[in-house]
Protein chains: 2
Amino acid sequence: MAITTHDTSALADVSGPRALRADAQRNRQRLIEAAHAAFQQHGADASLDDIARVAGVGSGTLYRHFPTRQALLAAVSEDAIAALLVHGKQLCEAPDAGAAMHEWFSALVVHITTFDGFADELRKGMEDEHSELHGACMAMGASFDILLRRAQEAGAVRSDVEPTDVRRLVHAVAHATEGLPDRAQAADRLLRMLLDGLRSR
Amino acid sequence: MAITTHDTSALADVSGPRALRADAQRNRQRLIEAAHAAFQQHGADASLDDIARVAGVGSGTLYRHFPTRQALLAAVSEDAIAALLVHGKQLCEAPDAGAAMHEWFSALVVHITTFDGFADELRKGMEDEHSELHGACMAMGASFDILLRRAQEAGAVRSDVEPTDVRRLVHAVAHATEGLPDRAQAADRLLRMLLDGLRSR
DNA sequence: CCATAAACGGGGACAGTCTCCGTATATGCT
DNA sequence: AGCATATACGGAGACTGTCCCCGTTTATGG
């Protein structure tokens, strides 16, 4: 049990969890790809064991990388969410606050409607502190509120509505179009109706 | 194989399916009560086998009486739906078409929010021809459309919106409040916001 | 090349749905 | 009342999906 080399075991771990092993990285990527396809095809409640099978790994591997469905969902939509947030940040500078808000809300709805059942998962992620989707939900919520407030201050949206309520309504619009053949158009139409009704008078 | 009495087997069955046997009727009732309690407590996706257990019958009995979850849900909410439809019929005569519509939509939302997950089941029932909930959904839809049209004709609601879209939005409002501690108030507030936005200008 | 930490995988426990079929019983007829 | 039989019951078990455990394999760096 003699320590023959420098003992580094007690040093603070500065670099965070060390990088994944090469095979682990490969498997992780495969899982994300398989999950993306499965969610696209069968909705957000696609069978996880199936995803593992398609990815060519055991189910244990899937659950080690992604302990919950939400974790997998978060990984799958990571890029899209990042893009959405960037888009939001840009729109915060746009001259027409009302139009900027509308544009971003549209993009948000498109994102939520990416696959069936995603709306529900996002709601859970919003409510559950410990969900792996929670962070993303909070970030999107923040972006939402800023764009809404700006629109309100610019007089484009009635000022007597709470952001939380508007969030719920926009989210509901996305949810309401679940399973529709012309989902994109329907969502657009409903969002327009909703926002039209929220204009200042 | 001699036929010794009058052969009635080929006669048209005029009386429909004969009345349930006494024990079957009892079990049916018990199942409905157990289901009601379970749905109230655990939402519309409560375990069916549990419901059977609580009702004191085998799971086979449950599935014979109610082949699907929707069938059970339909039986459980039969009375409430009937009442809602009567209420709707009465409101069709009300002088203020706008107020009548609002009142009924409120009652509808209350009904949809009876238990968690019910909104989703109702949507499925709306879409699926063969759902045991389909009939009720259609009836409620019809009532909805009449009250909306009346409000539109009275100039209380903008005339450029389709009933189908408004249905979806009202339904979405009900769904959006799922799991909220102050569900009733929240639903009321959101519905008010929505309908306020749909007024003619 | 080896020691070992890291990662794998799939068997299996568990929960839920739903069916099948041997058994029990309510009912109507005599 | 007693019987024949349609009617209904019950729960074992097939199946699907989630998720964990732990014996085995493999990448890595010294």
Side-chain angles (χ1 to χ4, degrees), chain A residues 1-9 13 15-32 34-35 38-39 41-73 117 121 124 130-132, chain B residues 3-9 13 15-32 34-35 38-39 41-73 117 121 124 130-132:
Chain A
M1 260 298 206
I3 295 174
T4 54
T5 58
H6 303 290
D7 181 3
T8 58
S9 63
D13 189 349
S15 59
R18 90 163 60 173
L20 283 177
R21 231 166 67 173
D23 54 344
Q25 230 160 342
R26 227 184 1 260
N27 284 334
R28 198 188 133 87
Q29 202 49 43
R30 280 184 190 161
L31 280 167
I32 290 178
F39 290 151
Q41 247 185 38
H42 308 121
D45 55 352
S47 157
L48 296 183
D49 278 22
D50 268 358
I51 291 175
R53 201 166 307 121
V54 169
V57 305
S59 51
T61 300
L62 184 152
Y63 288 101
R64 195 166 342 95
H65 282 289
F66 308 102
T68 68
R69 182 179 297 275
Q70 305 244 328
L72 188 49
L73 241 5
E121 295 296 332
K124 287 181 214 158
H130 303 91
S131 165
E132 293 84 351
Chain B
I3 295 174
T4 54
T5 58
H6 301 290
D7 181 4
T8 58
S9 64
D13 190 351
S15 58
R18 90 164 56 175
L20 283 177
R21 232 167 67 174
D23 55 344
Q25 231 161 339
R26 222 178 15 251
N27 284 334
R28 199 187 131 87
Q29 202 49 44
R30 280 184 190 162
L31 280 167
I32 290 178
F39 290 151
Q41 246 186 38
H42 309 120
D45 56 350
S47 157
L48 296 184
D49 278 20
D50 268 356
I51 290 174
R53 202 166 306 121
V54 168
V57 305
S59 51
T61 299
L62 185 153
Y63 286 101
R64 197 169 336 97
H65 283 288
F66 308 102
T68 67
R69 182 179 297 275
Q70 306 245 326
L72 188 49
L73 240 6
E121 294 296 331
K124 287 182 212 157
H130 303 91
S131 164
E132 293 84 351

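Order of the sequence lines sets the chain letters (A, B, ...), proteins ahead of strands, with each chain counted from 1.
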Under the criterion side-chain contact (heavy atoms from CB on, under 4.5 Å), I'd like the reasoning laid out for B:Asp49 against B:Leu62: C-alpha separation, chi angles, the key distance, then a yes or no. CA-CA 8 Å; B:Asp49 278 20; B:Leu62 185 153; over 6 Å; no

Can you tell me how far the [atom1] atom of [X] sits from the [atom2] atom of [Y], to the nearest 0.5 Å?
X: A:Phe66; Y: A:Ile51; atom1: CZ; atom2: CD1; answer: 10.0 Å
X: A:Ile32; Y: A:Gln29; atom1: CD1; atom2: CD; answer: 5.0 Å
X: B:Thr68; Y: B:His130; atom1: OG1; atom2: NE2; answer: 12.5 Å
X: A:Arg69; Y: A:Ser47; atom1: CZ; atom2: OG; answer: 7.5 Å

Between [N] ([atom2]) and [X] ([atom1]): distance, integer Å:
X: A:Arg30; N: C:dG9; atom1: CZ; atom2: P; result: 9 Å
X: B:Arg26; N: C:dA24; atom1: CZ; atom2: P; result: 18 Å
X: B:Ile51; N: C:dC18; atom1: CD1; atom2: P; result: 12 Å
X: B:Gln29; N: D:dC9; atom1: CD; atom2: P; result: 13 Å
X: A:Asp49; N: D:dC19; atom1: CG; atom2: C1'; result: 8 Å
X: B:Leu48; N: D:dT16; atom1: CG; atom2: P; result: 19 Å

Could you give me the CA-CA distance, side-chain angles and deciding distance for B:Asp50 and B:Arg53, then say whether side-chain contact (heavy atoms from CB on, under 4.5 Å) is met? CA-CA 5 Å; B:Asp50 268 356; B:Arg53 202 166 306 121; 2.5 Å; yes

Phosphate contact (D:dA8 OP1 or OP2) by B:Thr61 side-chain N/O below 4.0 Å: no

Quick one: is C:dC8 close enough that its OP1 or OP2 comes under 4.0 Å of any side-chain N or O from A:Asn27? yes

Where do N or O atoms of nucleotides 28-30 of chain D meet protein N or O atoms at under 3.5 Å, pair by pair?
from	atom 1	to	atom 2	distance (Å)
D:dT28	OP1	A:Ala22	N	3.1

If we ignore hydrogens and angles and just use 3.5 Å, is the side chain of A:Arg30 paired with the main-chain N or O of A:Ala52 as donor and acceptor? no

For DNA chain C, the residues among residues 62-73 of chain B that have a non-hydrogen atom under 4.0 Å from it: B:Tyr63, B:Arg69

With side-chain contact (heavy atoms from CB on, under 4.5 Å) as the criterion, how do A:Tyr63 and A:Leu48 come out once you've worked through the C-alpha distance, each side chain's angles and the decisive distance to 0.1 Å? CA-CA 9 Å; A:Tyr63 288 101; A:Leu48 296 183; 3.5 Å; yes

So what does A:Asp50 touch, heavy atoms closer than 4.0 Å: a base, only the sugar-phosphate, or nothing? nothing

Of the nucleotides C:dC18, C:dG11, C:dC8, which one has an atom closest to the side chain of B:Ser59? C:dC18

Would B:Asp23 and B:Arg26 pass as an ion pair if we require N to O under 4.0 Å? no

